[in-house]
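When a residue number appears, it is its place in the shown sequence, counting from 1. Just so we're clear, the structure is a prediction, and the values are computed from it rather than from any experiment. Reckoned from all heavy atoms, side chains included, excluding hydrogens, waters and symmetry mates.
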Amino acid sequence: MFPDRRLLHPSAYLAMLTVVLGVMSYLRGGAALFVVSIPHFWLFTRSPRSAIAHSGVAAAATVLGGIAALGWQPDINDGNFVITVVGYAASVALGLFVHRLLERGEERARLLSAELEAARRSLAEAHQRQGATEERERLAREIHDTLAQGFASIIVLAEAARAGLDTHPATSAQQLLSIERTARENFAEARVLVGSAPQSGLSQGSIAQTLRRTAERFGENTGITVSTELDDVDGDQTTRIALLRCTQESLANVGKHANASTVGIVLTRGEDVIELEITDDGRGFAVDTAEGFGLVGMRRRLAELGGELTVTSSPGNGTRVLAALPVNSQG
């Protein structure tokens, strides 16, 4: 277990660890202990150079302890010496490799940001050329439902990953993977919006699987328990996208505002209507005074297909969002 960093400065801890390695090497051979302790030198330092230097001193202490145990008669074939040197060299190579991966990830993020900025400028130019209010509203709704939600998720994950780099590197690595995955999805959505890619990645009849993946991703990123009951519903592309966007917006609102512990998603098809119901056990809100852009966008999207959105909530009693679409809109 790592020491409490509030009680022991990292440099003092690493110095103490180095002394222990040297003593253990002198008493009974400390090569294995040195190899096991190598991650500490990377977790408790702020740069690769510092990690290499500290672990190098520890390796030297381990080797010298072994030499002292042999009566100061060095033997390069000694197992303690070989394991220590090989372990140190491997740790330097692996540490520099991981550091390089992180740098490349940051560079990819900057490139994606530049691409998204270029996409934003292209959208602005398209708005000016078309001069259509209806088209501007549609694009604004799509950006809010996709790119804006993705950016919000990236920000939350990035803050969590940065906070846990020293203490929870495995968790931070998983969060970095989620950031990359979300950024790639945002980039794909940006290409859709500027017309350089197909309108949607949804395939015919895949809405249940898509909603399930969306729910699973939301649960992974937020820690909120999500249960799903999803009928295998077919529909035209516009309808399937509408159901997906309603799910994404509802989950985003839960993550940002509800302080919920569980969410339920139910998709059913009756004789003349498809219903998507999303409920949570969060703090709730006054519906009449909370008609934000997201709710307005969902209402308009469904209305264009002859459907309607019903939101039921009150402070302290959770929220229920019901999206209903007539079957005859499926084409």
Problem - Smallest separation among heavy atoms of Phe41 and Ala51, with atom names - result: O-CB, 3.4 Å

Fill in the blank from the handout: Value for CE (Met16) from CG (Leu21), rounded to nearest 0.5 Å, stands at 10.5 Å

Problem - Where Val263 and Val254 come nearest, the two heavy atoms and their spacing - result: CG2-CG1, 3.7 Å

Fill in the blank from the handout: With sequence neighbours left out, the residues meeting side chain to side chain donor-acceptor pair (under 3.5 Å) with Ser50 are His54

Residues 315-326 side chain polar contacts: donor-acceptor under 3.5 Å, at least two apart:
residue	atom	partner	partner atom	Å
Asn317	ND2	Ser314	OG	2.8
Thr319	OG1	Ser313	OG	3.0
Arg320	NE	Glu277	OE2	2.5
Arg320	NH2	Glu277	OE2	3.2

Fill in the blank from the handout: Closest non-hydrogen contact found for Ile274 with Leu243 is CG2-CD1, 4.2 Å

Handout entry: CE-OG1 distance between Met24 and Thr62, expressed to the nearest 0.5 angstrom
Key = 10.5 Å

Practice task
Kindly write out the residues that satisfy side chain to side chain contact (heavy atoms under 4.5 Å, CB included) with Arg110, not counting sequence neighbours, or none if the list is empty.
Solution key: Glu106, Glu107

Practice task
Identify, with sequence neighbours excluded, every residue that meets salt bridge (charged side-chain N to carboxylate O under 4.0 Å, His left out) alongside Glu103.
Solution key: Arg100

Practice task
Examine Val287 and Met298 and state if one hydrophobic cluster contains both, with Ile, Leu, Val, Met, Phe, Trp and Tyr joined whenever side-chain heavy atoms are less than 4.5 Å apart.
Solution key: yes

Practice task
Show the numbers, then the answer: is there a side-chain contact (heavy atoms from CB on, under 4.5 Å) between Leu14 and Thr45?
Solution key: CA-CA 9 Å; Leu14 295 179; Thr45 52; 3.7 Å; yes

Completion exercise
Sequence neighbours excluded, the answer for side chain to side chain donor-acceptor pair (under 3.5 Å) partners of Ser261 is Asp281

Problem - Non-hydrogen atoms of Asp280 and Ala258 that approach each other most closely - result: OD1-CB, 3.9 Å

Problem - Results of side chain to side chain contact (heavy atoms under 4.5 Å, CB included) for Thr228 - residues two or more places apart only - result: Arg212, Ala215, Val226, Leu230, Ile265

Completion exercise
d(Thr239 OG1, Arg301 CZ) to nearest 0.5 Å is 11.0 Å

Practice task
Can you sort out the partners of Pro48 under side chain to side chain contact (heavy atoms under 4.5 Å, CB included), two or more places apart, ordered by chain and number?
Solution key: Trp42, Leu96, His99

Practice task
List in chain and number order the residues that pass side chain to side chain donor-acceptor pair (under 3.5 Å) with Thr310, two or more places apart in sequence or in another chain; answer none if no residue qualifies.
Solution key: none

Handout entry: Shared hydrophobic cluster, Val57 / Ile83 (ILVMFWY, side-chain heavy atoms < 4.5 Å)
Key = no

Fill in the blank from the handout: Sorted by chain and residue number, the side chain to side chain contact (heavy atoms under 4.5 Å, CB included) partners of Glu229 (sequence neighbours excluded) come out as Val266

Problem - Side-chain touch Ile38/Tyr88, heavy atoms, less than 4.5 angstrom - result: no

Exercise for the section: Please report the closest heavy-atom contact between Arg283 and Asn259, naming both atoms and the distance. Expected result: NH2-CB, 3.6 Å

Problem - Distance-minimising heavy-atom pair for Glu308 and Leu302 - result: O-CD1, 3.5 Å

Exercise for the section: Could you tell me the separation between the CG atom of Leu211 and the CZ atom of Arg240, rounded to the nearest 0.5 Å? Expected result: 11.0 Å

Fill in the blank from the handout: To the nearest 0.5 Å, atom CG of Leu17 lies from atom CZ of Phe44 at 9.5 Å

Handout entry: Sequence-distant partners of Glu117, side chain to side chain donor-acceptor pair (under 3.5 Å), two or more places apart
Key = Arg120

Practice task
Check step by step if side-chain contact (heavy atoms from CB on, under 4.5 Å) holds for Glu249 and Ile278.
Solution key: CA-CA 11 Å; Glu249 175 62 22; Ile278 302 173; over 6 Å; no

Completion exercise
Rounded to the nearest 0.5 angstrom, the CG-OG distance for Leu309 and Ser250 is 7.0 Å

